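Notes for the one structure printed next.
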Amino acid sequence: MVTEIQKKTLLQEACAVRERAYAPYSEYKVGAAILTGDGRIITGVNVENASYGLSICAERSAIFTAVAEGVREIVAVAICTSNVGSPCGACRQVMVEFAGDMPILLTDTQGNVRETTLHKLIPEYFGPGHLA
Ligand SMILES: [Zn+2]
């Protein structure tokens, strides 16, 4: 269960870290904050590269950082963009590896918020259970 206070904190953290995004090519800055199963918040930003295909999204940046810190369960994600953008397909797939049907909070720098869930964003996903 994710509390309203945790959601508000996640949204604030996502927009705060967004300022550190490295997006000189698209100029589409993204910040992500994930709430871990043990209550930590870990953030990430999109990092672009002159070789465009090497760029990484904020969501995956945050999740990979979390995994390196020992996290194996994610219970909520907040994403801050300029226009309440939704995560790309690659990030949705990475999220299902570490999460159940968790809240996904989308926001922008003006404070608009849209809440959805991971399973709404990626129904009928391919997950770890398919390999059992
Ligand atoms: Zn993505």
Side-chain angles (χ1 to χ4, degrees):
M1 181 66 186
V2 181
T3 69
E4 291 305 311
I5 291 172
Q6 286 174 313
K7 288 179 180 178
K8 187 175 180 186
T9 303
L10 273 183
L11 289 164
Q12 289 171 341
E13 292 281 329
C15 286
V17 76
R18 177 180 177 269
E19 296 304 314
R20 298 193 205 124
Y22 180 74
Y25 307 107
S26 72
E27 297 185 1
Y28 190 76
K29 291 184 170 186
V30 184
I34 66 175
L35 180 63
T36 67
D38 60 4
R40 286 182 279 167
I41 291 177
I42 296 173
T43 59
V45 296
N46 57 329
V47 180
E48 295 181 349
N49 191 278
S51 177
Y52 291 177
L54 301 181
S55 302
I56 188 167
C57 303
E59 301 91 321
R60 278 178 291 147
S61 173
I63 291 167
F64 295 162
T65 297
V67 170
E69 293 186 14
V71 171
R72 293 293 183 271
E73 183 192 11
I74 298 167
V75 295
V77 175
I79 302 160
C80 184
T81 62
S82 60
N83 59 356
V84 197
S86 194
C88 80
C91 288
R92 296 174 192 199
Q93 179 64 38
V94 169
M95 286 181 205
V96 298
E97 185 76 19
F98 300 104
D101 192 17
M102 64 177 172
I104 305 287
L105 309 163
L106 308 173
T107 190
D108 63 16
T109 52
Q110 287 75 49
N112 298 301
V113 177
R114 185 168 80 84
E115 181 170 343
T116 184
T117 72
L118 182 57
H119 289 179
K120 283 181 185 167
L121 292 179
I122 186 166
E124 301 186 40
Y125 59 87
F126 182 84
H130 289 94
L131 300 176

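Quick note: residue numbers are just sequence positions, from 1. Start at 1 and go down the list; that is how both ligands and their atoms are numbered. Being a predicted model, the structure only gives us computed values, none of them experimental.
Residue N83 comes nearest to D108 through the heavy atom pair N-CB, 4.0 Å, listed as atom of the first residue, atom of the second, then distance.
Within the protein, the N, O or S atoms lying under 2.8 Å from the Zn ion (ligand 1) are C57 SG, C88 SG, C91 SG.
R114 places no side-chain N or O within donor-acceptor distance of the main-chain N or O of L106, the cut-off being under 3.5 Å. Side-chain atoms of E48 come within 3.5 Å of backbone N or O of S26 as a donor-acceptor pair.
Between N49 and S51, the side chains place no donor N or O within less than 3.5 Å of an acceptor N or O (distance only, hydrogens not considered).
Disulfide status for C88 with C57: absent, SG atoms not under 2.5 Å apart.
Between H130 and F126, the two ring planes are parallel [angle under 30°; tilted spans 30° to 60°].
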